[in-house]
Amino acid sequence: MGSAIRAARHALGPLAVHTTIASDLPLVEFDAGLIERVLVNLMENAAKYGVNTPPSTPAVEVSAQAGQDSLELRVRDYGPGLPPASLGKEADLFEKFTRGKNESTTRGVGLGLAICKAIVDAHKGRIAARNADGGGAEFTITLPRRSPPLAPTEADEL
């Protein structure tokens, strides 16, 4: 998470990032560089589209927690949320060349979320978008957890 925040700092500018990482977070197998790219893309989007942040709240929240069979990562902003035209069609946001608002002065071609989805799919995970309770947009990445490999025993060495 720290390296993703550093990589997104150019887009975040002075916006604050608040992180919450569960203290009992286990090791999870994934490609760190690719998952970093997912987090960077989502934080860059939060900086672009979630700019109506009240001064008393963090501009972007990033969190990680483990479930029984999965790791859940969330990126949330406190801006205006997903555009009304996307409601009920949130999955469409992850298609190539799709933007929340087709006519927008915000730069971009609509590939960031498609890249995120491709990376998460390659990890056999899921990515979803929704309007967060209390305002803003929230993106959730769910990655599967596997049991760690067993340590070799003396019998294995024979």
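Since we're looking at a predicted model, the values are computed, not measured.
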Does anything in residues 11-33 pair up under salt bridge (charged side-chain N to carboxylate O under 4.0 Å, His left out), and if so which pairs, sequence neighbours excluded?
-> E29-R146

Which atom names give the shortest non-hydrogen contact between A8 and M43, and what distance separates them?
-> CB-CB, 4.1 Å

So, does E95 use its side chain to make a donor-acceptor pair with the main chain of L93 at under 3.5 Å?
-> no

With rounding to the nearest 0.5 Å, note down the distance linking OG in S3 to CD1 in I35.
-> 11.5 Å

In short, L25 meets A66 closest at the heavy-atom pair CD1-N, 3.7 Å

If every non-hydrogen atom of A64 is compared with every non-hydrogen atom of M1, which pair is closest and at what distance?
-> CB-CE, 3.5 Å

Separation between CG of L82 and CZ of F139, rounded to the nearest 0.5 Å = 5.5 Å

Stepwise side chain to side chain contact (heavy atoms under 4.5 Å, CB included) test for T20 and E61 = CA-CA 8 Å; T20 305; E61 287 184 358; over 6 Å; no

Kindly state each residue pair satisfying side-chain hydrogen bond (donor to acceptor under 3.5 Å, both in side chains) with at least one member in residues 119-128, sequence neighbours excluded.
-> K117-D121

Pairs touching residues 132-141 that satisfy side-chain hydrogen bond (donor to acceptor under 3.5 Å, both in side chains), sequence neighbours left out = R74-E138, R74-T140, R130-E138

Could you give the distance from CD (E44) to CZ (R37), rounded to the nearest 0.5 Å?
-> 6.0 Å

Taking all non-hydrogen atoms of both residues into account, name the closest pair between L15 and A59 and its distance.
-> CB-CB, 3.5 Å

V28 backbone acceptor or donor facing R145 side chain under 3.5 Å | no

Could you state the interatomic distance from CG (L113) to NZ (K96), rounded to the nearest 0.5 Å?
-> 14.0 Å

Shortest non-hydrogen pair, C116 vs V38, comes out as SG-O, 3.7 Å

Under a single-linkage definition using a 4.5 Å side-chain heavy-atom cutoff for Ile, Leu, Val, Met, Phe, Trp and Tyr, are V75 and F30 assigned to the same hydrophobic cluster?
-> yes

Same cluster for L111 and I119 if Ile/Leu/Val/Met/Phe/Trp/Tyr side chains link at under 4.5 Å?
-> yes

Rounded to the nearest 0.5 angstrom, the CD1-CG distance for I115 and N41 is 6.0 Å

Residue pair V62, L73: steps toward the side chain to side chain contact (heavy atoms under 4.5 Å, CB included) verdict = CA-CA 7 Å; V62 183; L73 304 170; over 6 Å; no

CG on L71 to CD1 on I141, rounded to 0.5 Å | 9.0 Å

